[in-house]
Amino acid sequence: MVMSGEKAGGGNGSGSVAGAVGEGVRRQEEPAAPPRVSLRERKKQLTYRAISDAAIAMFLERGFDKVSVAEVAAAADISKPTLFRYFPAKEDLALHRFADHEDEAARVVGGRGPGESPLDALRRHFLAGLDRRDPVTGLCDAPQVLAFHRLLYGTPSLVARLYAYQGRSEAALARALGGGVTARLAAGQVIAVLRILAEENWRRIDAGESADAVYAGAVQAAEEAFVQLRRGLEPERRG
């Protein structure tokens, strides 16, 4: 596995992990416009969010382990079988918000501008998220976001379930990068970097710092992380 920026097999570098993220799939045409969402699908999405919001409110008030699925179903005025058709596991009720971000990195890569590399697009997107204090970057000190993150990171079963979401994020990004082992390795590194950056931002805010106070350090850490992704984990050997 090539972890630095070296060229693999004497090619143009696209055989390396760094090359996979730096170059990605060469697109021959402009990306198609996103398909229209049907009325039925919009209603389904609204139902998903309504059930999830009701569940999260109960979890925040009483604790995840002290709220039953039956209670959530009753609060949402649906049956348990209906609830499980929307959410296969209790943990998914709390993590529905993360489902919206499962293919975010893949969408950023797929929708990048002409001449922009996948890594540049991902860097731009993450820095923009920091700037607007997007909760997914960990740089958000809104009380409701703090409460949700404390619920998440304080519940082992939710943390374990979150890794399944991140696994699907890796798979989606790997497909956007062209598939194959090299793309999977690159996607795994990118998703891990985004997770660690967000966790570090959240750790500092949970310790009492404000999002504004953390911002400069978060940007510096992100810049350094993307430089490391671009260069690889080992410095280039000379001579």
Side-chain angles (χ1 to χ4, degrees), residues 21-22 49 52-53 55-57 59-61 64 91-113 116-170 172-173 176 186-231 233:
V21 181
R49 184 160 297 277
S52 178
D53 287 349
I56 290 171
F59 296 153
L60 290 174
E61 180 181 1
F64 179 80
E91 289 77 11
D92 294 326
L93 288 162
L95 295 175
H96 173 58
R97 297 173 182 180
F98 284 90
D100 296 338
H101 297 281
E102 270 191 20
D103 63 346
E104 184 169 312
R107 285 187 279 110
V108 169
V109 168
R112 69 191 187 277
E116 185 177 35
S117 74
L119 196 58
D120 286 339
L122 290 164
R123 170 187 169 276
R124 170 182 52 76
H125 181 76
F126 189 79
L127 291 176
L130 292 176
D131 188 57
R132 65 176 180 271
R133 307 299 191 263
D134 189 331
V136 79
T137 67
L139 192 67
C140 183
D141 54 10
Q144 64 272 26
V145 174
L146 286 173
F148 177 76
H149 280 162
R150 284 170 181 150
L151 170 72
L152 169 61
Y153 292 116
T155 308
S157 62
L158 291 178
V159 174
R161 189 71 171 177
L162 181 59
Y163 280 102
Y165 283 72
Q166 291 169 342
R168 292 194 287 271
S169 295
E170 289 182 16
L173 179 56
Q189 291 182 46
V190 168
I191 297 301
V193 162
L194 297 179
R195 173 180 59 80
I196 291 168
L197 289 172
E199 287 178 353
E200 176 62 16
N201 294 337
W202 153 247
R203 183 193 64 78
R204 292 182 60 183
I205 288 175
D206 188 48
E209 296 185 69
S210 69
D212 289 344
V214 175
Y215 176 72
V219 170
Q220 181 179 353
E223 293 284 21
E224 291 173 354
F226 278 95
V227 167
Q228 185 168 315
L229 278 172
R230 183 172 285 107
R231 292 179 178 173
L233 299 182

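Just so it is clear, the values below take in all heavy atoms, side chains as well, and ignore hydrogens, waters and symmetry mates. What you are looking at is a predicted structure, and each value in this text was computed from that prediction instead of being measured.
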Mind checking side chain to side chain donor-acceptor pair (under 3.5 Å) for [X] and listing every partner two or more places apart, or none if nothing turns up?
X	result
Glu200	Arg203
Tyr165	Asp92
Asp53	none
Gln220	Glu224

Atom of [X], atom of [Y] and distance for their closest heavy-atom approach:
X	Y	value
Ile205	Gly138	CD1-O, 3.4 Å
Leu158	Ala94	CD2-CB, 3.8 Å
Ile191	Ser169	CD1-CB, 4.0 Å
Ala172	Ala106	O-CB, 3.5 Å

> If we ignore angles and hydrogens, is there a donor and acceptor under 3.5 Å between the side chains of Asp120 and Ser117?
Replying inline: yes
>> Under the salt bridge (charged side-chain N to carboxylate O under 4.0 Å, His left out) definition, can you give me all pairs with a residue in residues 187-198, not counting sequence neighbours?
In response: Arg195-Glu199
>> For residues 208-219, which residue pairs pass the salt bridge (charged side-chain N to carboxylate O under 4.0 Å, His left out) check, not counting sequence neighbours?
In response: Arg133-Asp212, Arg204-Glu209
> Does Phe126 have any ring-ring contact (aromatic ring centres under 6.0 Å, His included) partners at least two apart in sequence or in another chain, and if so, which?
Replying inline: none
>> Applying ring-ring contact (aromatic ring centres under 6.0 Å, His included), can you list everything that pairs with His125, at least two apart in sequence or on another chain?
In response: none
Minimum side-chain heavy-atom gap [X]-[Y] below 4.5 Å:
X	Y	answer
Ile56	Leu93	no
Leu139	Asp134	no
Leu130	Asn201	yes
Arg231	Val227	yes

Measuring from [X]:[atom1] to [Y]:[atom2], what's the distance to the nearest 0.5 Å?
X	Y	atom1	atom2	result
Thr137	Trp202	OG1	CH2	12.5 Å
His101	Gln166	NE2	CD	12.5 Å
Leu229	Leu119	CG	CG	5.5 Å
Leu162	Leu95	CG	CG	6.0 Å

> Sequence neighbours excluded, which residues qualify as side chain to side chain contact (heavy atoms under 4.5 Å, CB included) partners of Ala121?
Replying inline: Val108, Arg112, Glu116, Arg124
>> Going by the rule salt bridge (Lys or Arg N to Asp or Glu O under 4.0 Å), which residues pair with Glu223 if we only count those two or more places apart in sequence or in a different chain?
In response: Arg123
> Listed by chain and number, what are the salt bridge (Lys or Arg N to Asp or Glu O under 4.0 Å) partners of Glu102, not counting sequence neighbours?
Replying inline: Arg168
Show every donor-acceptor pair shorter than 3.5 Å between a side-chain atom in residues 140-151 and any protein atom, with sequence neighbours excluded, or say none if there are none.
residue	atom	partner	partner atom	Å
Asp141	OD2	Ala211	N	2.8
Arg150	NE	Asp206	OD1	2.8
Arg150	NH2	Asp206	OD1	3.3

